[in-house]
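In what follows, a single structure is set out as structure tokens and then discussed.
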Amino acid sequence: VVTADGRFITASANEHPELFWGVRGGGGNFGVTTSFEYRLHRVGPVLAGLVLHPFEAAKDLLRFYRGFTATEPDELATYAVLTSSPDGIPIAALAACYNGVLENGDGALRPLRAFGSPLADGIAPMTYTAAQSMLDASYPFGLHSYWKSNFLKELSDSAIDIMIAYCANRPTPLCHMAIEELGGAVSRRRLEETAFSHRDARYSLLIFGMCTVAAEVEPCTRWAREFWAAMQPFSSSGVYVNYLGQEAEEGVDRILAAYGPEKYERLVALKNTYDPTNVFRFNQNIRPMR
């Protein structure tokens with residue numbers, strides 16, 4: 001890590017361990033990381049893809065998703081999405097990736113693939129890199145994009161009704177929402193182990209106000225903000241820091257919500273040590289104590 005004063009240091013469990021703790025969740029607030037050492041895990045092939053449903057099935061699909069994610073194994077990750085097809089028709093979709101013994105994947109995914117009357121089922125064996133890039137075409141370079149996000153306390157019927165109501169009245173076909181499933185191994189790491197918090201969160205809600213022309217930015221942004229506000233009764237106070245904009249947009253309270261008060265205080269102490277003049281501030285900024 002290159003620090004604000006030009007030092008070139010190693011952060012690890014044995015060298016500068018407090019900085020090592022902080023960069024795992026605190027991001028680029030303390031320096032520029034120029035190299036990483038990873039512990040790799042062999043992955044793939046995986047069983048992955050999208051199952052598409054008509055938008056009219058969205059309520060039943062999200063209710064199914066709620067029950068399905070309560071019992072699925074660690075090897076399976078799934079997202080629920082209310083979006084549009086490439087030709088602009090509203091659809092509901094489930095995205096899945098099974099990273100385990102491939103022969104067991106069919107059984108794990110069978111309930112998801114058998115639910116309802118899908119318009120299309122694209123789940124198939126593929127490389128992990130192919131699974132990671134299968135949604136890239138939906139986010140081409142040059143789009144105007146405004147995000148809002150929070151962790152969800154629950155995926156209740158009332159929350160589902162609000163999601164469907166807003167996604168039935170999107171200002172552009174590119175506006176959409178996604179529910180990311182959490183839990184599993186993420187929830188079993190010790191909370192104090194890294195600066196990342198909210199390991200008990202079950203779902204993360206993402207709202208995307210997206211369009212291709214500048215004239216649509218204002219209604220897309222307003223839609224995302226109003227949708228997010230309507231979901232606050234079902235949201236926790238926490239948010240994933242990577243889904244926040246800069247402090248000037250989000251405000252200090254939203255940055256604090258990403259870490260919680262105890263961890264934020266610890267991160268401020270790190271900031272005072274490694275970047276007391278706040279050189280690294282064009283981010284989800286942790287301010288030094290002045």
Side-chain angles (χ1 to χ4, degrees), residues 44-65 68-69 76-99 105 109 111-149 160-181 203-228 231 242-243:
V46 298
L47 191 60
L50 295 170
V51 179
L52 309 181
H53 289 260
F55 188 81
E56 292 72 24
K59 186 168 186 174
D60 288 340
L61 187 68
L62 291 178
R63 285 175 167 177
F64 163 79
Y65 177 76
F68 181 73
T69 54
L76 179 59
T78 53
Y79 294 179
V81 186
L82 300 184
T83 185
S84 297
S85 65
D87 52 0
I89 297 173
I91 57 171
L94 296 178
C97 181
Y98 180 84
N99 175 33
L109 283 163
L112 184 150
R113 304 178 78 177
F115 177 80
S117 302
L119 299 171
D121 181 344
I123 292 177
M126 63 182 71
T127 64
Y128 180 70
T129 51
Q132 284 293 311
S133 60
M134 66 183 179
L135 299 178
D136 286 3
S138 299
Y139 303 92
F141 180 79
L143 288 180
H144 299 278
S145 182
Y146 179 84
W147 292 29
K148 293 293 285 185
S149 180
I160 289 170
D161 287 343
I162 290 173
M163 294 174 184
I164 293 170
Y166 273 88
C167 288
N169 292 281
R170 295 170 293 152
T172 74
L174 292 175
C175 293
H176 64 289
M177 58 141 277
I179 303 170
E180 291 184 325
E181 173 201 10
Y203 301 102
S204 181
L205 171 68
L206 294 94
I207 300 168
F208 306 88
M210 294 170 53
C211 56
T212 57
V213 296
E216 295 173 330
V217 168
E218 192 279 330
C220 288
T221 301
R222 185 174 66 251
W223 173 84
R225 288 173 172 169
E226 292 176 353
F227 186 177
W228 180 82
M231 289 298 299
N242 282 351
Y243 296 155

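All values reported here derive from a predicted model rather than from experimental measurement. Index from 1, following the sequence.
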Results of salt bridge (Lys or Arg N to Asp or Glu O under 4.0 Å) for Glu218 - residues two or more places apart only:
Arg222
Can you tell if the side chain of Val217 reaches within under 4.5 Å of the side chain of Tyr146, non-hydrogen atoms only?
no
Filter on salt bridge (Lys or Arg N to Asp or Glu O under 4.0 Å), then keep only pairs touching residues 44-57, sequence neighbours left out; what's left?
none
In short, Leu47 meets Ala124 closest at the heavy-atom pair CD1-C, 3.5 Å
Please identify each residue that fulfils ring pair (Phe, Tyr, Trp, His ring centres under 6.0 Å) with Phe55, with sequence neighbours left out.
none
Taking the side chain as every heavy atom from C-beta outward, state whether Leu50 and Val81 have any pair of such atoms under 4.5 Å apart.
no
Main-chain N/O of Thr78 paired with Tyr65 side-chain donor or acceptor, under 3.5 Å
yes
Partners of Ala48 by side-chain contact (heavy atoms from CB on, under 4.5 Å), sequence neighbours excluded?
Val46, Cys97, Met126, Ala131
The test is side-chain contact (heavy atoms from CB on, under 4.5 Å); show your working for Leu174 and Glu216 and say whether it passes.
CA-CA 11 Å; Leu174 292 175; Glu216 295 173 330; over 6 Å; no
What residues, two or more places apart in sequence or in another chain, satisfy side-chain contact (heavy atoms from CB on, under 4.5 Å) together with Ala77?
none
Working to the nearest 0.5 Å, report the span between CG of Leu82 and CD1 of Ile160.
9.5 Å
How about Trp147 and Ser149: does a side-chain donor come under 3.5 Å of a side-chain acceptor?
no
Of all heavy-atom pairs linking His144 and Ala214, the shortest is NE2-N, 3.5 Å
Enumerate the residue pairs fulfilling side-chain hydrogen bond (donor to acceptor under 3.5 Å, both in side chains) with a member in residues 81-94, sequence neighbours excluded, ordered by first and then second residue.
Ser84-Arg170, Ser85-Asp87
Looking at every heavy atom in both Cys220 and Thr172, which two are closest together, and how far apart are they?
SG-CG2, 3.5 Å
Not counting sequence neighbours, which residues clear side-chain contact (heavy atoms from CB on, under 4.5 Å) with Asp121? List them please.
Val51, Arg113, Ile123
A side-chain contact here means heavy atoms from C-beta on lying under 4.5 Å apart; do Tyr203 and Thr69 qualify?
yes
Has the side chain of Thr221 got a donor or acceptor atom that lies under 3.5 Å from a matching backbone atom of Gly209?
no
Distance, nearest 0.5 Å, that separates CG of Leu62 from CE of Met177:
6.0 Å
Extract all donor-acceptor atom pairs below 3.5 Å that involve side chains of residues 134-143 and protein atoms in other chains or at least two apart in sequence.
residue : atom : partner : partner atom : Å
Tyr139  : OH   : His176  : NE2          : 2.8

Nearest-0.5 Å distance, OH of residue Tyr243 to CG of residue Leu205
11.0 Å
Flag if over 12 foreign heavy atoms under 6.0 Å of CZ, Phe115:
yes
From CG (Leu112) to CG (Leu61), nearest 0.5 Å
8.0 Å
Holding to salt bridge (Lys or Arg N to Asp or Glu O under 4.0 Å), I want the full list of residues that pass it with Asp60, two or more places apart in sequence or in another chain.
none
Pair His53, Phe64 - check side-chain contact (heavy atoms from CB on, under 4.5 Å), show working.
CA-CA 13 Å; His53 289 260; Phe64 163 79; over 6 Å; no
With sequence neighbours left out, the residues meeting salt bridge (Lys or Arg N to Asp or Glu O under 4.0 Å) with Glu181 are Arg202
Counterpart residues, side chain to side chain donor-acceptor pair (under 3.5 Å), relative to Thr127 (two or more places apart):
Thr129
Those residues at least two apart in sequence (or on a different chain) that pass ring pair (Phe, Tyr, Trp, His ring centres under 6.0 Å) with Tyr79 are none
Are Ile207 and Tyr166 side-chain neighbours, meaning at least one heavy-atom pair lies under 4.5 Å?
no
Working note: Leu76 + Phe68, criterion side-chain contact (heavy atoms from CB on, under 4.5 Å); need CA distance, chi angles, decisive distance, verdict.
CA-CA 11 Å; Leu76 179 59; Phe68 181 73; 3.7 Å; yes
